[in-house]
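Residue numbers begin at 1 in each chain, while the letters A, B, ... track the order of the sequences. Please read all numbers here as calculations on a predicted model, not as lab measurements.
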2 protein chains.
Amino acid sequence: MAKALRTKDKIIVTAEMLFAEHGFEQTSLRQITSEANVNLASVNYHFGSKKALIQAVMARYQAVFMPALAAQLQELAQRSERAGVTYRTADVLACVNAPLFALKQVRVDGPLIYLRLLGYAYSEIQGHLRRFTMTHYGDVVHQFFAMIQSANPNLCANTLFWRLHFSLGAMLFAQVSGQALREIAASDFGEDTHAEETLAKLLPFVAAGIAASDPQP
Amino acid sequence: MAKALRTKDKIIVTAEMLFAEHGFEQTSLRQITSEANVNLASVNYHFGSKKALIQAVMARYQAVFMPALAAQLQELAQRSERAGVTYRTADVLACVNAPLFALKQVRVDGPLIYLRLLGYAYSEIQGHLRRFTMTHYGDVVHQFFAMIQSANPNLCANTLFWRLHFSLGAMLFAQVSGQALREIAASDFGEDTHAEETLAKLLPFVAAGIAASDPQP
DNA sequence: CTCTATTTTAAACGGTCGTTTTATACACTG
DNA sequence: CAGTGTATAAAACGACCGTTTAAAATAGAG
């Protein structure tokens, strides 16, 4: 029993690392099992299928991230109401910072891993992840969207919908291509941007983009 | 000879359609050849390899898009110099509109195809496409970057580098996931955003994001 | 028409993939 | 200690992939 948990854990820890590095479809079960020093068949024994393994990997991070995000959003809403002021777009966006940082309790490089997993999940198995997220954490997502809306009362929901997904795309691209981009930036400008700084650079960008005035309302 | 060109053309026309729809790696040569009603081996005969076919597909669009973009950028620079005013970020970004529209001469839905190809090319074979683009059209890319820089003299090159790639990510994500997102938007808001409108919605977003003031200069 | 070079075709190759099967080793309970 | 249910192990399965081979068909030139 103790040994069994260790095998299952070795699989999931190795899998999320390789998934984050190369994507879900590019990572074979044979890579995972040989890297984790377990038998190939043990993946299907413990998880049922590769798709179920992917879900298990994502769920482990979502279970930490989503409730933390919900707490941050609620806190911001209450704080603003108490102070009698309305939060701004950047305030809502900043709510993702702490939940992301909390993923370090899953794994030391948890925040980076999660963002990269998200990127691959969205670009490879699109409907799949979205359905899972909305089923389990739909209320958090809706709360986030509602607060972005109330921070931008002059923009219509359709425009905000698209701008939020533009933002998501910007973040996912920066994470998935992050390593290559960081190398290019380092060789072009000498400046070495760390993975954590990428998010710090991203937030002002998407905050300004989302809050931009709409030329076609 | 006449028949030969028709076969080669049937392959490339079918390939770019399927590539744009499902991505490069998800599209097999057997799908392409059966859809195009040609023999499987004819791909390797006419193009040498699958990778070479991908390059041929991309090159056909880049050959139209890149020179047109260079012309637009040059025209904007000259027009601004003559008028004695400096162009703004949105002006530089708007330079991609006409070159994109020009892709209709390659194929009626050329603009959409090209953007989706770009998205997959960047997310699947990252170094590959970038190297090809920089080798053949490096000067155009550099001119574009230089003009974005001169439109934002208060922002450092490193910040602009990242913001441009955030913008690229936003566009690629919107295109690759465009179909799914459009369906969600339609069911959530009743509004049906067409593929062309997506780009119109994107430009104000990235223009504001790129030009945002930098909190950490 | 004949010959030659180009193109098309069918078939097979070697490889990787996720999954399943079957047998063996292990841990725990009664 | 025996027996039962769980976990590991090796091997094979069937499917699909990109590519290659070698023969058949088709062109155009002399």
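Nucleotide D:dT19 holds its P atom 13 Å from the CZ atom of B:Phe47, rounded to whole Å. Atom CZ of B:Arg6 is separated from atom C1' of C:dT6 by 16 Å (rounded to the nearest Å). Taking atom CG on B:Leu53 and atom C1' on D:dC17, their separation rounds to 15 Å, with Å as the unit. For the pair B:Gln26 CD and C:dC17 P, the interatomic distance rounds to 14 Å; values are reported in whole Å. The nearest whole Å value for the distance from the CG atom in A:Asp9 to the P atom in D:dA7 is 13 Å. Protein atom CG of A:Asn39 is 5 Å distant from nucleotide atom C1' of D:dA9, rounded to whole Å.
In this structure, A:Phe205 and B:Phe205 have perpendicular ring planes: the angle between them is above 60°, well past the 30° mark.
Between C:dT8 and B:Thr7, a contact under 4.0 Å exists linking OP1 or OP2 to a side-chain N or O. The side chain of A:His46 contributes an N or O atom lying less than 4.0 Å from OP1 or OP2 of D:dT8.
Counting only distance, with no hydrogens or angles, the side chain of A:Thr14 and the backbone of A:Ile11 share no donor-acceptor pair below 3.5 Å. A:Asn37 places no side-chain N or O within 3.5 Å of a backbone atom of A:Thr33 that could act as its donor or acceptor partner.
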For this session: Classify every nucleotide of nucleotides 18-23 of chain C by which part a protein heavy atom approaches to under 4.0 Å, writing B for the base, S for the sugar-phosphate alone and - for neither, in 5'-to-3' order.
Result: BBB---
Output side-chain donor-acceptor pairs under 3.5 Å for residues 165-172 of chain A, partner residues at least two apart or in another chain, one line each.
| residue | atom | partner | partner atom | Å |
| --- | --- | --- | --- | --- |
| A:His165 | ND1 | A:Phe161 | O | 3.0 |
| A:Ser167 | OG | A:Arg163 | O | 2.8 |

Acceptor/donor pairs from residues 98-109 of chain B side chains to any protein atom, 3.5 angstrom cut, sequence neighbours excluded:
| residue | atom | partner | partner atom | Å |
| --- | --- | --- | --- | --- |
| B:Arg107 | NE | B:Glu16 | OE2 | 2.8 |
| B:Arg107 | NH2 | B:Val13 | O | 2.5 |
| B:Arg107 | NH2 | B:Glu16 | OE2 | 3.3 |

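Cation-pi geometry between B:Lys8 and B:Tyr45 is not met: the NZ or CZ atom fails to fall both under 6.0 Å from the ring centre and inside 45° of the normal.
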